[in-house]
Amino acid sequence: MVRPRGIVAWLLALLLAVTGAIPAAAQSPDPSGPPASSQASPAPPVVPAPLEGTTWLLDQAASPAVAAAAVPEAVVTLHIVDGVAAGAAGCNRYTSEVEIDGTSIRFGPAATTLMACEDSVAALELAYLGTLPLVTQATIVGDTLVLLDAAGAPRLLYRAEPPAPVVGSWTATAYRTDDGLQAPDPAAPLTLDLGLDSTARGWTGCDAMTGAWRVDGDAIRIGPLASTATECGTPGAAVREWYYLDALDRARSWVLTDDTLMLLDGSGDTLLTFIAGTTGALTASWRVTSIRIGDTDQPPVAGSAPRLDLFGNGTLFGWTGCNSIVATYHVSGGTVEVGPLGVTGDTCPSDVLATQDAAIQVALAAITRWQVDGPGLALVDAEGEVRLTLVGIGPTPEPTPTPSPEPTRTPRPTPSPEPTRTPRPTPTPTPAPVAVPDVVDMVEADALVRLGEVGLRAGERSRAFSDSIRSGRIVRTDPRAGVMVRARARIDYVVSRGPRPSPSPTPRPTQRPSPSPTPRPSPRPTPRPTPRPTPRPTATATPRPTATATPRPTATPADPLAGTRWVLTRYIDEEGNAIDLPADVAPPTADFLDGSMSGSTGCNPYSTTYRVDGSRIALGTVAGGRMVCGEPADTLQSLFLSALGTTDRFTLSEDGRQLRLRGPSGTPVLRFSPLQR
């Protein structure tokens, strides 16, 4: 944790650098010193690094917003280009829209990848991503960027990272296996793109991958990497993918000679060799400006910002406005061919976005050639219809009107450090088959670990009701236990949703007709009717002795929630029914601090902004992880986030022991109790 004295000293140094102020002692000339004319000339002014286009590395220890959660080995970066902020958040990648006007800066809600992270790194990510929406000002002094909030308090401090020589697109020419370096199959290239935003992307031959990367001198770390779950066509392709990902994970240093890159392990042995990848004039980042929908060309939906990133190694990444796309592409002269699309399965929040999403996917699958269209680019199908128009983003080169074939696409004949090896005639050895282990009735996380221990991977996940297997445990696998399968095969599995619900959801009223003389307006009984017979004796016997004994020292008249921490104890749905929280899932939490609300949904971290006005509360857009946690955690998360989306008022009890958030009609209701520190 940063000491307050260190922060004060840093702020003083920043103030001096920004204002040019010099302490009085330094201004007073020394009478015994040399005359002014002989004193040293002032140092030339430091040219500040540009805010956009620079990779900024977060100094966790010097950033008050994240210092308490700092994880020194985690990399947190910020890279802004053309209204989009992106980078590494410690484990996951994030992107966010950003508005810049002079020294004013505003970040929109962040979208992140879905990798599971260690608890300490997850806490760092939550603190960092929860702070970005609070930032309103940016100040750059030399190679230092400071982001401040509306009160002028510094929140985040970054250092400019000079571009590493390895930044760019690369195509593998050799990868290490148990039998030494092997040449990849030209029909299934192994690619790697190391971006300025600290993002590593690439193609394993049958899966797209993405993750973080960082260079420190001649040291390099790539990962953790997340990849898509495509079933590789042959055992050889699956084995090649495994060796490639393993080599990237083990890389510890790099050597660059001309346009050849070598990645080495900790012992100095070569793991991978690459040559600079080239695919021609399309290599650039492009913003989509027009989409063919039906028989008309339409502009993108406002705020959706669809784009295509075409990397020099033949990898395409895209954003439709609500889904991410990954594919390979190939250019030959004026023709272009996009490989099978991999698309995330997110549900679009509106019909217009869903239409745009589908139109972009159809267009990419149909295009056959490209042509210059004024300052941008047009992608055309076989019938000559323009499906998409694009405009270039950033400093990447514009396409030329008369593209020429690329005679240098064929890899160099001797890229490998072992040029005498001829691995092609000898197929890559396939590991011995393994038996599917018995994971029935195991907790899902333990079952996935067990599959990994024997060299298998998780396949398609589905859920089903089961009267004999508890919720969250494995019902069956496909193939079943004991079947011999190839190494690295994907095993589909079914997770129990617990017993099937009873056809009669409210049997209790027939057994206990609620004899209380003062029933509630709703005839529906509450799940806890037992305290009702004796409410008055307890009310007079214990007249709230703790109301004055436990004041909330952190509450303020303007914002009584500031500095408080809560845990959900009750959920009441739109119809007034109390829903019991599952006992085997951590309940959602809520922390309020300086206009920021954050916590856990019981499944993923989340963060948003809030503002109170009397009994009213306005919540901003909720950002957070989207990791699938299984039932009943997924259902609890959905209910909790849905309730937050309708919340517009709050009630804080006089003794500070209960908080209620509710919607405009009075429901749904989230009831919280204080969370002990």
Side-chain angles (χ1 to χ4, degrees), residues 54-60 63 66 69-81 84-96 110-129 132 156 158-170 190-204 207-228 244-254 261 263 265 271-272 274 285 309 311 313 315 317 319 324 326 344 605 623-627:
T54 300
T55 299
W56 299 99
L57 177 66
L58 182 70
D59 188 337
Q60 300 177 39
S63 299
V66 300
V71 181
E73 62 272 16
V75 177
V76 181
T77 60
L78 172 67
H79 185 79
I80 300 175
V81 173
V84 177
C91 171
N92 282 285
R93 317 296 305 157
Y94 73 95
T95 58
S96 169
T112 68
T113 54
L114 310 178
M115 288 186 291
C117 312
E118 295 181 0
D119 291 344
S120 59
V121 180
L124 170 63
E125 287 192 353
L126 185 63
Y128 176 70
L129 297 177
L132 286 179
L156 301 168
Y158 303 80
R159 307 288 186 190
E161 284 277 281
V166 297
V167 168
S169 299
W170 304 93
L190 308 178
T191 66
L192 177 66
D193 188 272
L194 302 176
L196 282 170
D197 61 351
S198 303
T199 301
R201 300 179 177 91
W203 190 257
T204 69
D207 280 304
M209 63 181 184
T210 185
W213 75 281
R214 174 157 172 74
V215 160
D216 185 5
D218 61 354
I220 189 171
R221 292 300 299 267
I222 301 174
L225 294 171
S227 63
T228 54
Y244 183 50
L245 293 175
D246 180 65
L248 290 172
D249 181 66
R250 292 164 53 198
R252 294 296 179 268
S253 61
W254 58 274
L261 172 66
L263 298 184
D265 63 14
L271 295 170
L272 291 158
F274 297 88
S285 293
D309 295 323
F311 296 100
N313 53 28
T315 305
F317 286 87
W319 171 249
S324 295
V326 63
T344 55
R626 293 181 293 174
M627 180 176 63

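The minimum heavy-atom distance between G90 and V76, with the atom names listed, is N-CG2, 4.0 Å. For the residue pair G217 and W254, the shortest heavy atom distance occurs at O-NE1, 3.1 Å. Taking both residues in full, the closest heavy atoms of R93 and A212 are given as NH1-CB, 3.4 Å, listed atom of the first, atom of the second, then distance.
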Check: Passes side chain to side chain contact (heavy atoms under 4.5 Å, CB included), S96 versus L132? Steps please.
Finding: CA-CA 10 Å; S96 169; L132 286 179; 5.7 Å; no
Margin query: Show, in sequence, the C-alpha distance, side-chain angles and deciding distance for L57 and R214, and conclude whether the side chain to side chain contact (heavy atoms under 4.5 Å, CB included) test is met.
Written below: CA-CA 10 Å; L57 177 66; R214 174 157 172 74; 3.2 Å; yes
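Although no hydrogens or angles enter the test, the distance criterion places a donor-acceptor pair under 3.5 Å between the side chain of T77 and the main chain of A88. A donor-acceptor pair is defined here as one N or O able to donate and one able to accept, closer than 3.5 Å; such a pair exists between the side chain of Q60 and the backbone of V71. A donor-acceptor distance shorter than 3.5 angstrom exists from the side chain of Y244 to the backbone of T191, with no hydrogens or angles considered.
We find the OG1-CG distance between T204 and L190 to be 7.5 Å, quoted to the nearest 0.5 Å. Interatomic distance, CG of L78 versus CG of L156, reported as 9.0 Å (0.5 Å rounding). Rounded to the nearest 0.5 angstrom, I220 CD1 and L194 CG are separated by 5.5 Å. Rounding to the nearest 0.5 Å places CG of L124 at 12.5 Å from CG of D119. To the nearest 0.5 Å, the span separating CG on L271 from CZ on R252 amounts to 9.0 Å. Separation of atoms CG (L192) and CG (L272) is listed at 8.5 Å; rounding is to 0.5 Å.
With a 4.5 Å cut-off on side-chain heavy atoms, W213 and V166 count as touching. The shortest distance between side-chain heavy atoms of F274 and L263 falls below 4.5 Å. Within the 4.5 Å cutoff, the side chain of E125 has heavy atoms near those of the C91 side chain.
In terms of the side chain to side chain donor-acceptor pair (under 3.5 Å) criterion, R221 has no residue partners (sequence neighbours excluded). The ring pair (Phe, Tyr, Trp, His ring centres under 6.0 Å) search around Y128 returns Y94, not counting sequence neighbours. A search for side-chain contact (heavy atoms from CB on, under 4.5 Å) contacts involving P162 returns nothing, not counting sequence neighbours.
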